[in-house]
Amino acid sequence: RPLDAALPGAFTVKVIVEKGVTIDAGGMVGDIVYSPDGKFSGFDGMFDGTYKVDGNKICIESAVIGTSCSEYPDGKKSGDSFEMPGPQGTMTVTIR
């Protein structure tokens, strides 16, 4: 599904897919990289899988962490950090 610039968060998702993110989840810090073919890998290969973009959400599917969708705030760009709820509590996301 094409990214719809009219949807809040869609720009942020586009930048995240292009640049990747660094996540700090309770002191466990790692990068997540998204490839154009719908695959992702994270934390130096600790987990990987597939992803789909749905407006302002990125939904991932991985054998290690299951299926999860995250909704992203609007207007974020490379270098921005923001807080998001995660499976182990609040995590800090920084767009690379």
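The first residue of the sequence shown is numbered 1, and numbering continues consecutively from there.
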Any chance you could measure [X], atom [atom1], to [Y], atom [atom2], to the nearest 0.5 Å?
X: Met46; Y: Ile32; atom1: CE; atom2: CD1; value: 11.0 Å
X: Thr90; Y: Glu83; atom1: OG1; atom2: CD; value: 6.5 Å
X: Ile58; Y: Cys69; atom1: CD1; atom2: SG; value: 10.0 Å
X: Ile60; Y: Lys57; atom1: CD1; atom2: NZ; value: 14.0 Å
X: Asp54; Y: Asn56; atom1: CG; atom2: CG; value: 8.0 Å

What about [X] and [Y], same hydrophobic cluster or not, with Ile/Leu/Val/Met/Phe/Trp/Tyr joined at side-chain heavy-atom distances under 4.5 Å?
X: Val29; Y: Phe47; answer: no
X: Phe43; Y: Val33; answer: no
X: Met28; Y: Met84; answer: yes

Heavy-atom donor-acceptor pair, [X] side chain to [Y] backbone, under 3.5 Å:
X: Thr22; Y: Asp31; value: no
X: Ser35; Y: Phe40; value: no
X: Tyr72; Y: Phe11; value: no
X: Thr12; Y: Pro73; value: yes
X: Ser62; Y: Gly49; value: no

If you look at every heavy atom in [X] and [Y], which pair is closest and at what distance?
X: Ile23; Y: Met91; answer: CG2-SD, 3.7 Å
X: Lys19; Y: Ile95; answer: CB-CG2, 4.3 Å
X: Lys39; Y: Tyr51; answer: O-CE2, 3.3 Å

Any side-chain heavy atom of Thr94 within less than 4.5 Å of one from Asp24? no
